[in-house]
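Numbering of residues begins at 1 and proceeds along the displayed sequence.
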Amino acid sequence: MKRSLSALVLFGGLALVSLTGCASHYGGGYYASIPPPPARYGVQGYAPAPGYVWADGYYAYGSGRYDWSPGRWVRPPRARSQWVPGQWERDHRGYRLRRGYWR
């Protein structure tokens with residue numbers, strides 16, 4: 001029983017590693033070997049209520065491809081918070097996603 005459970009855990013871990021494709025996780029961001037497509041732009045509409053801030057969409061990378069994560073209206077966690085949008089940056093390892101955050 002222990003042996004088959006160990007094999008299942010090992011196989012599951014190897015399957016997970018193979019599904020990540022060319023991306024690797026690094027300190028709050030991901031590296032990809034190919035650049036992201038150009039950002040999408042569209043109508044964002046009106047805030048659902050006063051105090052909401054628009055957080056731009058971005059391309060997330062996983063399973064060997066980029067997927068668009070659309071922008072949305074969000075409520076700041078505290079008064080006078082500023083949203084810093086995420087962005088893809090190029091460096092010696094490839095392309096790294098720095099996720100957006102509140103400042």
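Among residues two or more places apart in sequence or in another chain, the side-chain hydrogen bond (donor to acceptor under 3.5 Å, both in side chains) test is passed with Y66 by none. For W54, the side-chain contact (heavy atoms from CB on, under 4.5 Å) partners two or more places apart in sequence, or in a different chain, are Q44, D56, W73. Partners of Y59 by ring-ring contact (aromatic ring centres under 6.0 Å, His included), not counting sequence neighbours, listed by chain and number: W68. Under the salt bridge (charged side-chain N to carboxylate O under 4.0 Å, His left out) criterion, D67 pairs with R65, sequence neighbours left out.
Y61 contributes atom OH, which lies 5.0 Å from atom OG of S33 (distance to the nearest 0.5 angstrom). Between atom CD of residue Q87 and atom OH of residue Y95 there is a gap of 14.0 Å, rounded to the nearest 0.5 Å.
Here salt bridge (charged side-chain N to carboxylate O under 4.0 Å, His left out) pairs that include residues 71-90, with residues two or more places apart or in two chains, are E89-R98.
When hydrophobic side chains of Ile, Leu, Val, Met, Phe, Trp and Tyr are connected at separations under 4.5 Å, W83 ends up clustered with V53, V74, W102.
In terms of heavy-atom proximity, G51 sits nearest to P76 at O-CD, 3.1 Å.
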